[in-house]
Amino acid sequence: MYNSKITGLGYYVPENVVTNDDLSKIMDTNDAWIQERTGIKERRHVEKGDGDTTTTMGVKAAKVAIERSGLDKDEIDFIIFATLSPDYYFPGPGVLVQRELGIKTVGALDVRNQCSGFIYALSVADQFIKTGMYKNILIIGSELHSTGLDMSTRGRGVSVIFGDGAGAAVLSREEDTTKGVLSTHLHSEGEHAEELSLIAPGMGKRWVTDILEDDNEEDTSYYPYMNGQFVFKNAVVRFSEVINEGLQANNLTPADIDLLVPHQANLRISQFIQQKFKLKDDQVFNNIMKYGNTTAASIPIALTEAWEQGKVKEGDTVVLAAFGSGFTWGSAIIKW
Ligand code: UT7
């Protein structure tokens, strides 16, 4: 048995900064409401014509991660891509990354676990490496939300929260099993699938011919829906549970955490978790203020920024945790 460890991290966000004031010009919202409820000050939106897609942003983040890993792209044995906003309905972006990076014909897997997507992807990669099947796996989380949001006042409860961006990690074999990814913990509760969802297009839900005939402007099933307060209440419970589960599995306590990198869903959720686990400000990394919620990209972007700022050091115990649509949630305990 081996362990896996992160050997390279990278992220990419579009240049276009959209502030809360910018949003208040196109919908009935305001900076005070958004900051008070979410902590978000600004987010990035891809601009029409600049050519960025979920895949191209993922590729840009991946190039940085691969370079930092010191590997050649042809040493990547497998690609895992997590997103809820793929370029195409099918095929998924994994194969597009394989094409764009010009990597030999390795396997490419697409993960559909929304905000928990990166942790699910990390967990799958970790198992492949632990069993010895693969040595180096590229994991990407990338989202292009802005083109799919309802930017009218009707959609303000969702659209002010989400931003575009991508993060990537290279996971490599580690012979020392006391280091690297110690464990991952995954959960789901499909009972609440529709509480945070985008119903159409969905082959099980509506026939394409019905959609074409039904030119109904009131139809919001093409936009993400979120029952915000219900999601919030579930998030704080599940975040806490799954962090505790990870700590207990490794005989650790909250006092052993050097850095918690939570999925950037809402600064108030992160602060609640920080208080619950009695962590100091510098033990929880947040960047939702700058990027909003980038779903599957949020953890790899945050982890990369934390690493770039010297906040992740050799020997540190780093905890990743996420909760989101599905509902799905998960954690990873890493000895850096
Ligand atoms: O990443 C996946 C997981 N996602 C999450 O964990 C998100 C969890 N949920 C949340 O973060 C919060 O529920 C939100 C930030 C989404 C919303 O905050 P809230 O305190 O739950 O607000 P609310 O939806 O209950 O809305 C309160 C009021 C409503 O007005 P009335 O009915 O009280 O008059 C909304 O219409 O705020 C109004 N509102 C807004 N006002 C200004 C909703 N969105 C906005 C907005 N600007 N953007």
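All ligand and atom numbering here is 1-based and tracks the order in the structure.
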For residues 94-106, dump all side-chain donor-acceptor pairs below 3.5 Å to protein atoms at least two apart in sequence or in another chain.
from	atom 1	to	atom 2	distance (Å)
Gln98	NE2	Ile103	O	2.7
Lys104	NZ	Asp74	O	2.5

Query raised in the report: Would you call the rings of Phe78 and Tyr134 parallel, tilted or perpendicular, where under 30° means parallel and over 60° means perpendicular?
Result: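 Rings of Phe78 and Tyr134: parallel, as their planes differ by under 30°.
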
Report task. Please write out which residues are connected to Met57 in a hydrophobic cluster, directly or through intermediates, given that two of Ile, Leu, Val, Met, Phe, Trp, Tyr count as joined at side-chain heavy-atom separations below 4.5 angstrom. Result -> Tyr12, Val46, Leu144

Query raised in the report: Do the ring centers of His187 and Phe327 come within less than 6.0 Å of each other?
Result: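 Centroid distance His187-Phe327: not below 6.0 Å, so no.
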
Between ligand 1 and the protein, which N/O pairs fall short of 3.5 Å?
from	atom 1	to	atom 2	distance (Å)
ligand 1	1 (O)	His263	NE2	2.9
ligand 1	1 (O)	Asn293	ND2	2.6
ligand 1	9 (N)	Gly228	O	3.0
ligand 1	11 (O)	Asn266	ND2	2.6
ligand 1	13 (O)	Gly228	O	3.2
ligand 1	20 (O)	Arg37	NH1	2.6
ligand 1	22 (O)	Arg37	NH1	3.2
ligand 1	25 (O)	Gln229	NE2	2.7
ligand 1	36 (O)	Arg156	NH2	2.9
ligand 1	37 (O)	Trp33	NE1	3.1
ligand 1	41 (N)	Trp33	NE1	3.4
ligand 1	47 (N)	Thr29	OG1	2.6
ligand 1	48 (N)	Thr29	OG1	3.0
ligand 1	48 (N)	Arg156	O	3.2

Report task. Taking the side chain as every heavy atom from C-beta outward, state whether Ile199 and Glu194 have any atom pair closer than 4.5 Å. Result ->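 Heavy-atom side-chain distance check passes, below 4.5 Å.
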
Report task. Check salt bridge (Lys or Arg N to Asp or Glu O under 4.0 Å) between Asp22 and all other residues, then give those that pass, not counting sequence neighbours. Result ->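 Applying salt bridge (Lys or Arg N to Asp or Glu O under 4.0 Å) to Asp22 gives Lys25.
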
